[in-house]
Chemist: 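I'd like to ask you about the structure that follows.
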Amino acid sequence: MLIRRVEVYTVELPYKKPFTISMGTSYSSTDVVVKIIDDEGNVGWGEASPSRRVTGESEDTILSAMSVLAPQIINEDPLNVEEIERKISGAILGNTAAKLALEMAAFDLKGKILGVRLRDLLGGYKDRVETDFTIGIMSPEEMASDALRYVEMGFRILKLKVGLDVEEDLARVRAVRDAVGKDIRIRIDANQGWSVKQAKKALSSMERYDVELAEQPVKWYDYEGMAELTRESPIPIMADESVHSARDALLVANMRAADYINIKLTKAGGLLEARRIAAISEAAGIPNMIGCMMEGGVSITAAVHFATATRNVVTTDLDSDISLKEDFVEGGAKCENGFRILPEGAGLGNLRVKEGMLKLWKVFEEGKEVSTPL
């Protein structure tokens, strides 16, 4: 049983409202979707969500990388996902979102062939996880209003984007806490927006509002600053953009540069590397969160499988598909009262890709590449 065909698509995913973080404002994502087919007609799906600011990728770079990566898996046994990962990892540096899409599709296909859920292929731990809901940077009043709406939808954990101005950020956190009361968990994410000095001031001021953690307060490369904050901050520190790989996780663990590490499949370039990050984190006594870019339902469902298979993942930030005007997936990991629930079915589970929303880019088969203009 061998992979015979790889189809690469793009899909435009507009957001319900603009999403602002300290690094800029986004209005939509253009994701790359892959479909792999074996010689018996079994299908696996994967998704790549580009992030220029985090992984350095765009729709164009992912598509270019696919011309190198997709042929690597033709005639490979989909049961040998480790070998598939080795081949695509060695074919080109970086391009982690592109690599993730192919590895994810291979895992989906493997699960379907074996009749096993991805969660169980990865280990198996539980069937649901609670997620937060992320609120982008707006005025304090707007963020408080949105917070109340998401609480009414059933979310008990809110992540507030901050990082533009310390005093305004403090007002945002205060407004949300006043609006939702003391029983809702609040965490913040500065997306590298502060200096160490600003972070110290902000975090000491925000402690009174019972903020449970602060994600990536300073630049990703400032590991010493992260370590200083981890030692001194009254609020636990989470590394996000500072950790892309298992090697990064080892550095953070050795420096004690974070209290938590946020794993994102897109940063890691695949579920196997994400599992290595989790193993290093667990060995160092550092809990994990699994987060997301602005993915649709294929990638979010894969992340839920990973979270429910990994004991060291103690919290999740898997809400991006809820912010889309329309997802290209029906089914998958549903969200009910703030909990993501695994779908039934093998591989990624019972989800249907709305192929009419996808735009074909290229088809790869043995010995040939069929181009289709976008």
Chemist: So, are Arg149 and Glu152 salt-bridged, with charged N and O less than 4.0 Å apart?
Modeler: no
Chemist: If you draw a 6.0 Å radius around NZ in Lys334, do more than 12 non-hydrogen atoms from other residues or ligands fall strictly inside?
Modeler: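 For Lys334, atom NZ is not crowded (no more than 12 foreign heavy atoms under 6.0 Å).
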Chemist: Is a side-chain N or O of Asp165 found less than 3.5 angstrom from the main chain of Gly163, in a donor-acceptor match?
Modeler: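 Such a contact is absent between Asp165 side chain and Gly163 backbone.
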Chemist: Got a donor-acceptor contact below 3.5 angstrom from the Arg5 side chain to the Ile37 backbone?
Modeler: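 Absent.
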Chemist: Side chain to side chain donor-acceptor pair (under 3.5 Å) with Lys267: which of Asp248, Thr55, Asp240, Asn262?
Modeler: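 Exactly one option meets the side chain to side chain donor-acceptor pair (under 3.5 Å) with Lys267, and it is Asp240.
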Chemist: Quick one: sort the Trp45 and Tyr9 rings into parallel, tilted or perpendicular, breaks at 30° and 60°.
Modeler: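 Trp45 and Tyr9: tilted rings.
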Chemist: Atom CD1 of Ile36 and atom CG of Leu109: how far apart are they, to the nearest 0.5 Å?
Modeler: 4.5 Å
Chemist: If you draw a 6.0 Å radius around CD in Glu224, do more than 12 non-hydrogen atoms from other residues or ligands fall strictly inside?
Modeler: no
Chemist: Of all heavy-atom pairs between Ala101 and Met66, which one has the smallest distance, and what is that distance?
Modeler: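 Minimum heavy-atom contact is CB-CE, 4.0 Å.
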Chemist: Side chains of Pro217 and Met226: closer than 4.5 Å at any heavy-atom pair?
Modeler: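 In short, these two side chains touch, coming nearer than 4.5 Å.
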Chemist: Please check this pair: side chain of Glu330 against backbone of Arg352, looking for a donor-acceptor N/O pair closer than 3.5 Å.
Modeler: no
Chemist: With a 4.5 Å limit on heavy-atom distance, are the side chains of Leu351 and Thr301 in contact?
Modeler: yes
Chemist: Does a side-chain N-to-carboxylate-O contact under 4.0 Å join Arg117 and Asp127?
Modeler: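 Looking at Asp127 together with Arg117, the answer is yes, because their closest N to O distance falls below 4.0 Å.
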Chemist: With distance as the sole test, does His305 use its side chain to make a donor-acceptor pair with the main-chain N or O of Leu348 at under 3.5 Å?
Modeler: yes
Chemist: Should we say atom NZ of Lys354 is surrounded by more than 12 heavy atoms from elsewhere, each under 6.0 Å from it?
Modeler: yes
Chemist: Apply side-chain contact (heavy atoms from CB on, under 4.5 Å) to the pair Lys161 and Asn191, showing each step before the final yes or no.
Modeler: CA-CA 8 Å; Lys161 293 291 189 178; Asn191 288 111; 2.9 Å; yes
Chemist: Classify the side-chain pair Asp132/Thr315 by whether it contains a donor and acceptor separated by less than 3.5 Å.
Modeler: no
Chemist: What's the separation between atom CZ in Arg53 and atom CE in Met293, rounded to the nearest 0.5 Å?
Modeler: 11.5 Å
Chemist: Apply the test side-chain contact (heavy atoms from CB on, under 4.5 Å) to residues Cys335 and Phe155: give CA-CA distance (whole Å), side-chain angles for both, the deciding distance (0.1 Å), then the verdict.
Modeler: CA-CA 10 Å; Cys335 190; Phe155 292 96; 3.8 Å; yes
Chemist: Between Ile84 and Ala106, which heavy-atom pair has the shortest distance, and what is it?
Modeler: CD1-CB, 3.9 Å
Chemist: Under the 3.5 angstrom rule, does the side chain of Asn350 hit a backbone N or O of Glu344 as a donor-acceptor pair?
Modeler: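 Present.
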Chemist: Please confirm whether the backbone N or O of Leu118 pairs with a side-chain atom of Lys110, one donor and one acceptor, at under 3.5 Å?
Modeler: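 Here the side-chain-to-backbone pair does not exist.
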Chemist: What I want to check is whether the side chains of Thr134 and Asp319 have a donor and an acceptor closer together than 3.5 Å.
Modeler: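 Yes, because at least one side-chain N or O of Thr134 sits under 3.5 Å from a partner of the opposite role on Asp319.
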Chemist: Please check this pair: side chain of Asn80 against backbone of Glu83, looking for a donor-acceptor N/O pair closer than 3.5 Å.
Modeler: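 No; judged by distance alone, with no hydrogens or angles, the pair does not exist.
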Chemist: Would Val8 end up clustered with Ile92 when hydrophobic side chains under 4.5 Å apart are linked, directly or stepwise?
Modeler: yes
Chemist: Arg119 side chain to Ala307 main-chain N or O, any donor-acceptor pair under 3.5 Å?
Modeler: no
Chemist: In terms of hydrophobic clusters joined by side-chain contacts under 4.5 Å, are Val32 and Ile300 together?
Modeler: yes
Chemist: Does any donor atom in the side chain of Asn312 or Ser281 lie under 3.5 Å from an acceptor atom in the other side chain?
Modeler: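 No, no side-chain donor-acceptor pair sits under 3.5 Å.
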Chemist: Could you grab the distance from atom CD1 of Ile74 to atom CD of Glu76, nearest 0.5 Å is fine?
Modeler: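 The distance works out to 9.5 Å.
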Chemist: For the residue pair Ala91 and Val68, what are the closest heavy atoms and their distance?
Modeler: O-CG1, 3.9 Å
Chemist: Check whether Thr61 reaches the backbone of Ser58 with its side chain - one donor and one acceptor, N or O, closer than 3.5 Å.
Modeler: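 Yes: the side chain of Thr61 pairs with the backbone of Ser58.
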Chemist: How are the rings of Phe364 and Trp361 set relative to one another: parallel (under 30°), tilted (30 to 60°) or perpendicular (over 60°)?
Modeler: tilted
Chemist: Return the minimal non-hydrogen interatomic distance between Ser49 and Ala97, and the atom names on each side.
Modeler: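 Distance-wise, the nearest heavy atoms are O-CB, 4.1 Å.
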Chemist: Given 3.5 Å as the limit, does a donor-acceptor pair link the side chain of Glu241 with the main chain of Trp220, or not?
Modeler: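 Looks like no, no N/O pair under 3.5 Å.
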Chemist: Would you say the side chain of Pro14 lies within less than 4.5 Å of the side chain of Leu324, judging by non-hydrogen atoms?
Modeler: no
Chemist: To the nearest 0.5 Å, tell me how far Glu168 CD sits from Met138 CE.
Modeler: 14.0 Å
Chemist: What I'd like to find out is whether the side chain of Thr266 reaches to under 4.5 Å of the side chain of Ser51, using heavy atoms alone.
Modeler: no
Chemist: Which heavy atom in Ser299 sits nearest to a heavy atom in Met104, and how many Å separate them?
Modeler: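 Closest approach of Ser299 to Met104, heavy atoms only: OG-CE, 3.7 Å.
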Chemist: Does some side-chain heavy atom of Thr96 sit less than 4.5 Å from a side-chain heavy atom of Leu100?
Modeler: no
Chemist: Walk me through whether Glu228 and Arg231 qualify under salt bridge (charged side-chain N to carboxylate O under 4.0 Å, His left out).
Modeler: CA-CA 5 Å; Glu228 183 178 344; Arg231 290 192 303 269; 5.0 Å; no
Chemist: Is there a side-chain contact between Tyr209 and Ile186 (heavy atoms, below 4.5 Å)?
Modeler: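 Side-chain contact under 4.5 Å: no.
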Chemist: Test salt bridge (charged side-chain N to carboxylate O under 4.0 Å, His left out) on Asp38 and Lys112; report intermediate values, then the result.
Modeler: CA-CA 11 Å; Asp38 71 11; Lys112 288 171 179 172; over 6 Å; no
Chemist: Would you name the heavy atoms of Ala278 and Thr310 that are closest together and state the gap between them?
Modeler: CB-CG2, 3.8 Å
Chemist: Would Gln216 and Ser242 count as a side chain to side chain donor-acceptor pair (under 3.5 Å) here? Give the steps.
Modeler: CA-CA 8 Å; Gln216 200 63 49; Ser242 291; 2.9 Å; yes
Chemist: Mind checking whether Arg177 and Asp210 have side chains closer than 4.5 Å, heavy atoms only?
Modeler: yes
Chemist: Does Arg187 come within less than 4.0 Å of Glu215, counting only side-chain N to carboxylate O?
Modeler: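 No, no charged N to carboxylate O under 4.0 Å.
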Chemist: Does Arg256 have more than 12 heavy atoms from other residues, nucleotides or ligands lying within 6.0 Å of its CZ?
Modeler: yes
Chemist: Decide salt bridge (charged side-chain N to carboxylate O under 4.0 Å, His left out) for Arg128 and Glu336; before the verdict, give the C-alpha distance in whole Å, the side-chain angles of both, and the deciding distance to 0.1 Å.
Modeler: CA-CA 10 Å; Arg128 62 175 58 198; Glu336 296 179 1; 5.3 Å; no
Chemist: Assess the residue pair Glu273 and Arg276 against the criterion (salt bridge (charged side-chain N to carboxylate O under 4.0 Å, His left out)); give the C-alpha distance rounded to whole Å, side-chain angles, the decisive distance to 0.1 Å, and a yes or no.
Modeler: CA-CA 5 Å; Glu273 185 68 5; Arg276 296 180 193 111; 2.7 Å; yes
Chemist: Before giving the answer on side-chain contact (heavy atoms from CB on, under 4.5 Å), spell out for Lys87 and Ile73 the whole-Å C-alpha distance, their side-chain angles and the decisive distance to 0.1 Å.
Modeler: CA-CA 8 Å; Lys87 292 195 72 171; Ile73 71 171; 6.0 Å; no
Chemist: Any side-chain heavy atom of Ser323 sitting closer than 4.5 Å to one from Lys16?
Modeler: no
Chemist: Is there a side-chain contact (heavy atoms from CB on, under 4.5 Å) between Ile188 and Leu203 once you walk through the steps?
Modeler: CA-CA 10 Å; Ile188 62 168; Leu203 297 175; 3.9 Å; yes
Chemist: Once rounded to the nearest 0.5 Å, what's the spacing between atom CG of Leu318 and atom CZ of Phe306?
Modeler: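 So the gap between those two atoms works out to 11.0 Å.
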Chemist: First locate atom OH of Tyr260, then atom CG of Asn288, and finally report the distance between them rounded to the nearest 0.5 Å.
Modeler: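 Rounded to the nearest 0.5 Å, the OH-CG separation comes to 11.0 Å.
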